[in-house]
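Scroll down for the structure; my scribbles are underneath it.
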Amino acid sequence: MRSRTIQGSSGRVHPLRLLGDPALTEPCHEVTAFDGALERLVEDMFATMYAAQGVGLAANQIGVPLRVFVYDCPDDEDRRHLGHLVNPRLVEADGPVLRGPEGCLSLPGIEAGTPRPDHAVVTGVGVTGEPRTVTGTGFFARCLQHECDHLDGGLYVDHLTGLRRRRALRAAARAPWAAGAEAPGR
C-alpha cells in the first residue's frame, strides 16, 4: 500500500451493516487477489472506521465477505496499534480471561462486559502478501479477537450469556437503527 500521511484519507466511507444483516453471520472468504482492488478496500475500510469513530473494522461490516480487517487501537498502556491484516487467523488467545467493556460498530451505542483472554496472537498477510504476526494484550487483544470473530460470522454478543446477553439484545432491539432487524437467536 502506498505511504500516506493518514490511513483512509483517500478512502470512501461505506454504510455499515447492522445487527440482523446476514452479511454479519456468514464466514468470510479467503482473499486470493492481491491487487489494487484490495488496496482500495483497505483504504475504504480505514475511512469508514474513522468516520464511525471505531478502533477496528472487518470487511463484512461493510458488506464485503472477505477475510480482511483494519485497526487503530490502543492497548492498556495507551500504545497505539495501527494496521490491517488480510486472511487473518487467531492462533493464540490465552492468559487470564477478563470481562471488559466491548461494543461494535454494527451494534452502535450498545456495550456489554464481555469475557476475553488478555493476550492474543493473529497471523495473516498485508495487502501485497507479506506475512505478518500481530500480538496484543489488554484492550488491543480484545480488538484482535473481536475482528477475527467478525470474519468467522460472529459478534461479541455471541460471547455473552444470561442477563448480560438479554440486556444487550433488548437494547439493540429498541435502538433507533434496529428498524426491521432481528436479533440472533443464539
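We count residues from 1, following the sequence as given. Just so it is clear, the model here is predicted, and its values are computed rather than measured.
For Arg167, there are no salt bridge (charged side-chain N to carboxylate O under 4.0 Å, His left out) partners at least two apart in sequence or on another chain. Checked against side-chain contact (heavy atoms from CB on, under 4.5 Å), Asp35 has the following partners two or more places apart in sequence or in another chain: Ala33, Ala37, Leu38. Here Glu130 pairs with Thr128, Arg132 under the side chain to side chain donor-acceptor pair (under 3.5 Å) rule; sequence neighbours left out. By the salt bridge (charged side-chain N to carboxylate O under 4.0 Å, His left out) test, Asp76 is found to be paired with no residue, residues two or more places apart in sequence or in another chain being considered. Taking Asp72 as the reference, Met49, Tyr50, Arg80, Leu82 meet the side-chain contact (heavy atoms from CB on, under 4.5 Å) condition, with sequence neighbours excluded. Here Ala171 pairs with Ile110 under the side-chain contact (heavy atoms from CB on, under 4.5 Å) rule; sequence neighbours left out. By the side chain to side chain donor-acceptor pair (under 3.5 Å) test, Thr114 is found to be paired with no residue, residues two or more places apart in sequence or in another chain being considered.
Among residues at least two apart or in separate chains, ring-ring contact (aromatic ring centres under 6.0 Å, His included) pairs with a member in residues 122-141 are Tyr71-Phe140, His81-Phe140. Residue pairs meeting the salt bridge (Lys or Arg N to Asp or Glu O under 4.0 Å) criterion with at least one member in residues 107-119, sequence neighbours excluded, are Glu102-Arg116, Arg116-Asp149. Listed by first then second residue, pairs satisfying salt bridge (Lys or Arg N to Asp or Glu O under 4.0 Å) with a partner in residues 51-60 number zero, not counting sequence neighbours.
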Can you give me every donor-acceptor pair (side chain of residues 87-96, partner residue at least two apart or in another chain, under 3.5 Å) with its distance?
unit_1, atom_1, unit_2, atom_2, d
Asn87, OD1, Val31, N, 2.7
Asn87, ND2, Glu30, OE1, 3.4
Asn87, ND2, Val31, O, 3.1
Arg89, NH2, Glu30, OE2, 2.1
Asp94, OD1, His119, ND1, 2.6

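A donor-acceptor contact shorter than 3.5 Å is absent between the side chain of Asn60 and the backbone of Leu151. Checked by atom type and distance alone, the side chain of Asp152 never pairs as donor or acceptor with a backbone atom of Gly154 at under 3.5 Å.
Looking at every heavy atom in both residues, Phe69 comes nearest to Cys148 through CE2-SG, 3.9 Å.
Linking Ile, Leu, Val, Met, Phe, Trp and Tyr residues whenever their side-chain heavy atoms come within less than 4.5 Å places Leu169 and Leu18 in a single cluster.
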